[in-house]
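Below is one structure, written out as structure tokens, with a few remarks after it.
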Amino acid sequence: MAINTTREDEELNETLKLDVLKRLFANLLEYRGKIAIVTVLIILTVGISTASPLLVEKIIDDEIYKRDEHGLFIWAGIMAGMAAVYYVASRIWRRIMAVISNDMILGIRRKLYVHIQELGVDFFDQRPAGKILARVTGDVNSLKDVLTSTVTTLAPEVISLVVILTVMIIKSPLLTLSAAVAIPIIILGLYFCEIIAHKRWQKWKKKDSNMAAFIHEGIEGVSVIQSFNAQDEAHKEFCDIVDEVIDAFKSAILVTDIYSPTIEIAGGLGTATLYYLAVTRLGFHAESIGTLSAFALYLGMFFGPIRNLANYYNKLITNIASAERVYEIMDMTPLVKDGDTASDIGSIEGTVEFEHVDFAYPDEPDVDILHDVNFKVKKGETIALVGPTGAGKTTIVSLISRFYDVKSGRVLIDGKDISRVTIRSLRRQLGIMTQDNYLFSGTLRDNIKYGRPDATDEEMIKAAKAVHAHDFIEKLKEGYDTVITERGGGLSNGQRQLVAFARTLLTDPKILILDEATSSIDTGTEILVQQGIGEILKERTSFVVAHRLSTIRNADRIFVIDDGGILEEGNHESLMADRGAYYDLYMSQYVSAS
């Protein structure tokens with residue numbers, strides 16, 4: 001089964017994890033007021049937790065050792081009050097952070113979606129839709145985990161660690177060595193995770209993205225799979241992809257799981273060292289049991305943040321690959337974008353001119369698709385582009401639409417170089433129809449008004465009548481309020497094309513581009529469509545790309561495109577009389593149809 005582009009791992013630019021965290025913190029600064037409140041509450045909770053062992057020391061050495069029941073109850077009440085404050089403060093700051101993180105992720109997802117919409121067609125040509133979807137959904141959710149754990153774990157635990165270590169050193173520098181002996185083990189474990197685990201989690205995210213892309217492609221192409229009875233092959237390939245995801249996950253989680261026992265071993269070693277030093281070096285006795293207990297609590301508290309930070313680091317390693325994938329797209333610049341001095345093109349008349357245009361696609365810059373193309377089209381002319389597959393017909397109309405920029409030369413509209421005008425001001429005056437015009441889930445009314453949501457129903461119906469879509473729409477039970485599914489499910493190919501025609505004409509474009517736009521319409525319907533839009537085309541410059549030569553006989557001029565340029569030019573009669581390339585194309589189709 002040859003559906004394999006989804007299984008190719010995406011290339012990912014190497015990014016320092018510190019850079020990703022810096023960008024997250026930069027986003028957090030937008031909420032500096034709330035973050036200040038969270039910081040104060042975190043410091044309060046850390047202060048309470050750090051003071052607790054000192055209170056335990058006080059209670060054991062003074063109240064319990066001296067059997068002071070009254071003092072014991074007082075300190076117990078104080079500790080209960082501190083616990084209540086700790087609970088309330090921690091609940092408040094965690095709730096605030098939940099609001100901030102959700103709001104931030106919503107903003108990032110919104111920016112990512114808008115940014116993807118601005119990227120050029122080359123971005124979508126090189127990536128299956130499922131892989132893009134995986135980044136917008138799953139990877140952004142993983143980014144939320146990084147953000148939330150960074151604030152809820154990293155900040156309080158680092159503060160706790162510093163405060164606890166400070167108190168331990170003040171109370172007994174010698175006993176603090178019990179914590180120090182575990183540090184080399186912890187550092188080696190972190191280094192191990194850094195080197196190995198991160199790459200393995202990156203690999204897992206790539207495999208998971210492949211799976212999402214394959215599922216999306218399988219759903220989109222289910223009719224093809226069923227028509228070729230290829231369900232078994234598709235299932236087998238899906239199972240292979242799932243196995244790759246599972247293997248990559250096992251490989252990554254194995255490294256992550258190894259680190260947790262390292263922390264436990266370090267903690268046990270530290271505790272044993274503490275009691276050894278207390279007994280052999282300091283000679284602790286009964287009156288000092290409270291101090292030893294407090295130090296034991298501090299040691300446990302010291303390894304608590306270490307353990308939590310280790311878990312955080314594992315989560316960071318797990319999810320940072322997703323964050324990198326999100327920011328990688330955010331950092332992509334559109335292949336075609338407005339220049340710094342780009343201006344609004346204004347209301348256009350519709351003259352189009354190519355001046356010595358050369359073009360090569362970005363992935364093959366040395367292979368010219370067009371070479372030294374020159375032509376000028378007057379306002380209102382209908383130009384047909386014909387020629388063999390791959391000759392450059394669609395490339396020409398793509399350059400007019402500025403989906404790509406020329407390699408050299410200029411494309412002019414009304415004498416203005418379109419590379420110097422804003423893309424939005426240009427495209428809002430173009431009507432572009434292709435063979436596969438996408439219809440969105442919703443009503444037919446919404447789809448026809450998609451380009452002009454403020455259009456009146458009268459204008460909508462007029463456009464539908466012009467392309468003979470009104471007749472079949474009126475026969476539907478709900479008429480224009482009929483709900484269709486994604487890609488126009490429930491309509492025939494021809495009906496979908498007619499709706500797309502109506503949508504395009506409703507925008508009243510000054511330049512109309514039809515790229516194989518009538519290929520899905522039967523010949524009889526196509527004749528009606530040509531009649532319906534005949535009057536409208538008189539007021540517009542139009543470019544028609546068509547393999548079916550019978551549909552472009554009435555074009556003002558026909559360009560025969562081949563070998564990177566315009567091989568022949570003229571109307572149907574003159575080109576037939578010349579008996580050149582156009583004549584051969586036309587006669588070959590005529591013979592084939594006979």
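Residue numbers start at 1 and run along the sequence shown. Just so you know, these numbers come straight off a predicted model, no measurement behind them.
- Within the 4.5 Å cutoff, the side chain of T482 has no heavy atoms near those of the K477 side chain.
- Contact check on D471 versus K475 returns no salt bridge, with no Lys/Arg side-chain nitrogen under 4.0 Å from an Asp/Glu carboxylate oxygen.
- Look at K407 and D366 and you find no salt bridge, because none of the NZ, NE, NH1 or NH2 atoms lies under 4.0 Å from a carboxylate O.
- Across all their heavy atoms, L430 and P509 have their closest contact at C-CB, 3.5 Å.
- No more than 12 heavy atoms of other residues, nucleotides or ligands shown are found within 6.0 angstrom of CG on D340.
- Here the CD1-CD1 distance, from I383 to I558, works out to 9.5 Å after rounding to the nearest 0.5 Å.
- Distance alone, capped at 3.5 Å, is enough to place a donor-acceptor pair between the R427 side chain and the S401 backbone.
- The backbone N or O of G346 lies less than 3.5 Å from a partner atom in the side chain of Q429, making a donor-acceptor pair.
- Between the D368 side chain and the A360 main chain, no donor and acceptor come within less than 3.5 Å of each other.
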Fill in: Residue pair V373, I566: steps toward the side chain to side chain contact (heavy atoms under 4.5 Å, CB included) verdict
CA-CA 7 Å; V373 175; I566 300 175; 4.3 Å; yes
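- Side-chain atoms of T443 and D481 form no donor-acceptor pair, as typed in the model, at a separation below 3.5 Å.
- Looking at D372, its side chain never comes within 3.5 Å of a backbone N or O of V357 through a donor-acceptor pair.
- In this structure, R445 pairs ionically with D457, as a charged nitrogen and a carboxylate oxygen lie closer than 4.0 Å.
- Residues S419 and R410 have side chains not in contact (no heavy-atom distance under 4.5 Å, counting atoms from C-beta outward).
- Checked against a 6.0 Å centroid threshold, the rings of H572 and Y582 count as neighbours.
- Separating the CG atom in L412 from the CD1 atom in I418 is a distance of 8.5 Å, to the nearest 0.5 Å.
- Put simply, CZ on F543 and CD1 on I511 are 6.5 Å apart, with the number rounded to the nearest 0.5 Å.
- Between I413 and L426, the shortest heavy-atom contact is CD1-CD1, 3.5 Å.
- Between Y480 and H470, the closest side-chain pair of non-hydrogen atoms falls below 4.5 Å.
- With salt bridges taken as basic N to acidic carboxylate O contacts below 4.0 Å, none links E349 and K510.
- Closest non-hydrogen pair, N571 versus D556, comes out as CB-O, 3.7 Å.
- If you take OG on S398 and CG on L370, they are separated by 10.0 Å, rounding to the nearest 0.5 Å.
- Taking F375 as the reference, F354, F559 meet the ring pair (Phe, Tyr, Trp, His ring centres under 6.0 Å) condition, with sequence neighbours excluded.
- The shortest side-chain heavy-atom distance between F359 and L399 falls under the 4.5 Å cut-off.
- Closest approach of D338 to A342, counting heavy atoms only: CB-CB, 4.0 Å.
- Put simply, OG on S425 and CG on D344 are 4.0 Å apart, with the number rounded to the nearest 0.5 Å.
- With a 4.5 Å cut-off on side-chain heavy atoms, V352 and K376 do not count as touching.
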Worksheet item: Can you check side chain to side chain contact (heavy atoms under 4.5 Å, CB included) on M433 and D515, steps first, answer last?
Response: CA-CA 6 Å; M433 280 198 62; D515 189 357; over 6 Å; no
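- The backbone N or O of D584 lies less than 3.5 Å from a partner atom in the side chain of S588, making a donor-acceptor pair.
- Nearest heavy atom pair, residue A463 against residue A502, reads CB-O, 3.8 Å.
- For the pair L567/I561, no side-chain contact is recorded, criterion being any heavy-atom separation below 4.5 Å from C-beta on.
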Item to complete: List the steps and the verdict of salt bridge (charged side-chain N to carboxylate O under 4.0 Å, His left out) for D232 and K236.
Response: CA-CA 6 Å; D232 291 341; K236 181 181 182 301; over 6 Å; no
Item to complete: Would you check, one step at a time, whether the test side chain to side chain contact (heavy atoms under 4.5 Å, CB included) holds for T504 with L512?
Response: CA-CA 9 Å; T504 301; L512 189 61; 3.6 Å; yes
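- At least one side-chain heavy atom of I513 sits less than 4.5 Å from a side-chain heavy atom of I400.
- A donor-acceptor contact under 3.5 angstrom links the side chains of T395 and Y361, judged on distance only.
- Here the straight-line distance linking atom CG of D414 with atom CD of E353 works out to 11.0 Å at 0.5 Å rounding.
- When side chains are defined from C-beta on, Y583 does not count as touching L575, because their heavy atoms never get closer than 4.5 Å.
- Scanning both residues, K207 and A248, for their nearest heavy atoms gives CG-CB, 4.1 Å.
- Looking at E381, its side chain does come within 3.5 Å of a backbone N or O of K378 through a donor-acceptor pair.
- For R402, the salt bridge (Lys or Arg N to Asp or Glu O under 4.0 Å) partners two or more places apart in sequence, or in a different chain, are D405.
- Comment: R452 engages E459 in a salt bridge, judged by a side-chain N to carboxylate O separation of less than 4.0 angstrom.
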Worksheet item: So V499 and F472, side chain to side chain contact (heavy atoms under 4.5 Å, CB included) or not? Walk me through it.
Response: CA-CA 10 Å; V499 172; F472 90 80; 3.8 Å; yes
